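Take a look at the structure set out below.
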Amino acid sequence: MKKLFHSILLLMTFGLLLGQLLGCKEKPPEVAGKWSGNSNLTAQVSTRPGSTQLQQSKPVPVQIMLTLNQNGSGFTGDASVTINGKPPVHLPITAGVVDQSGKVSFEADRSGFSSVHLSFTGKLATGQLSGDVALKMDTFAGVAENAGSVTLSRIG
């Protein structure tokens with residue numbers, strides 16, 4: 001009877017430890033908050049209004065500001081993009097993701113008279129978000145596609 005009791009106690013202890021190990025998932029890093037960064041993105045613009053043919057243009061200075069709200073590994077928020085010092089364009093982020101290793105990706109869109117699409121894929125490390133960004137604008141005046149790398153720092 002004593003051996004049976006010890007065997008059951010050992011199995012119960014092993015089961016509890018295994019349950020705790022399987023139940024404890026590593027939390028993803030915190031991306032919530034405000035982020036800001038500048039970059040010069042390569043640019044391709046339409047050859048004339050209404051055209052879909054693109055030609056290379058000089059790099060475009062861009063400032064990106066993010067306000068992110070995180071819930072587990074997902075986040076939402078606002079991406080504010082300022083191009084060539086013009087008024088910022090605000091794009092809602094509806095489905096961003098950060099994994100346990102710090103990989104971050106999101107897409108943001110706005111449509112209406114013009115459509116703007118921003119995508120980001122990168123990594124969170126040492127308090128900075130670094131990665132590749134693509135920005136496509138389709139307006140009545142034509143199409144512009146910008147791409148490059150950016151590093152965003154936490155602000156505030």
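Computed from a prediction, not measured in an experiment: that's the story for all the values here. Below, all heavy atoms of this structure are taken into account, side chains as well, without hydrogens, waters or symmetry copies. Here, residue 1 is the first one in the sequence, and each next residue gets the next number.
- With sequence neighbours excluded, no residue forms a salt bridge (Lys or Arg N to Asp or Glu O under 4.0 Å) with Lys103.
- Here the closest heavy-atom approach between residue Lys136 and residue Glu145 is recorded as CE-OE2, 3.6 Å.
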### Query
Val31 and Val104: side chain to side chain contact (heavy atoms under 4.5 Å, CB included), yes or no, with the steps?
CA-CA 9 Å; Val31 295; Val104 177; 4.2 Å; yes

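- Considering OG of Ser114 and CG of Asp138, their distance stands at 8.5 Å, rounded to 0.5 Å.
- The backbone N or O of Ala32 sits less than 3.5 Å from a side-chain atom of Arg154, completing a donor-acceptor pair.
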### Task
Check step by step if side chain to side chain contact (heavy atoms under 4.5 Å, CB included) holds for Val62 and Val150.
CA-CA 9 Å; Val62 175; Val150 66; over 6 Å; no

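- Atoms CG and CG, on Leu91 and Leu135 in that order, are 7.5 Å from each other to the nearest 0.5 Å.
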When the side chains of residues 118-127 are checked against the rest of the protein, which donor-acceptor pairs come out under 3.5 Å, sequence neighbours left out?
unit_1 : atom_1 : unit_2 : atom_2 : d
Lys123 : NZ     : Ser101 : O      : 2.4

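- When side chains are defined from C-beta on, Pro29 counts as touching Val98, because their heavy atoms get closer than 4.5 Å.
- Going from atom CG of Leu68 over to atom CZ of Phe75 covers 5.5 Å, rounded to the nearest 0.5 Å.
- Taking 4.5 Å as the limit, every side-chain heavy atom of Val89 sits out of range of all side-chain heavy atoms of Met137.
- You'll find the side chain of Thr82 reaches within 4.5 Å of the side chain of Pro88, heavy atoms only.
- Here OG1 of Thr76 is found 12.0 Å from CZ of Phe106. Values are rounded to the nearest 0.5 Å.
- Under a hydrophobic-cluster definition in which Ile, Leu, Val, Met, Phe, Trp and Tyr are linked whenever side-chain heavy atoms come within less than 4.5 Å, directly or via other members, Ile83 and Val143 are assigned to different clusters.
- Pairing each heavy atom of Gly72 with each of Gln70, the nearest pair is O-NE2, 2.8 Å.
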### Message
Under the criterion side chain to side chain contact (heavy atoms under 4.5 Å, CB included), I'd like the reasoning laid out for Asp78 against Met65: C-alpha separation, chi angles, the key distance, then a yes or no.
### Response
CA-CA 8 Å; Asp78 177 71; Met65 294 187 72; over 6 Å; no

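- By the 4.5 Å heavy-atom criterion applied to side chains, Pro61 and Asn84 are counted as neighbours.
- Closest approach of Ile93 to Ala108, counting heavy atoms only: CG1-CB, 3.9 Å.
- Atom CD in Gln44 sits 9.0 Å away from atom CG in Asn146 (nearest 0.5 Å).
- Across Gly37 and Leu152, no two heavy atoms sit closer than the pair N-CD2, 3.3 Å.
- No donor-acceptor pair closer than 3.5 Å links the side chain of Gln56 to the backbone N or O of Thr42.
- Counting heavy atoms from C-beta outward, Val116 and Val81 have side chains that stay 4.5 Å or more apart.
- With rounding to the nearest 0.5 angstrom, the CG atom of Asn38 is 10.0 Å from the CG atom of Leu41.
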#### Entry: Test log, rule side chain to side chain contact (heavy atoms under 4.5 Å, CB included), inputs Glu107 and His117
CA-CA 7 Å; Glu107 307 236 348; His117 179 83; 2.6 Å; yes

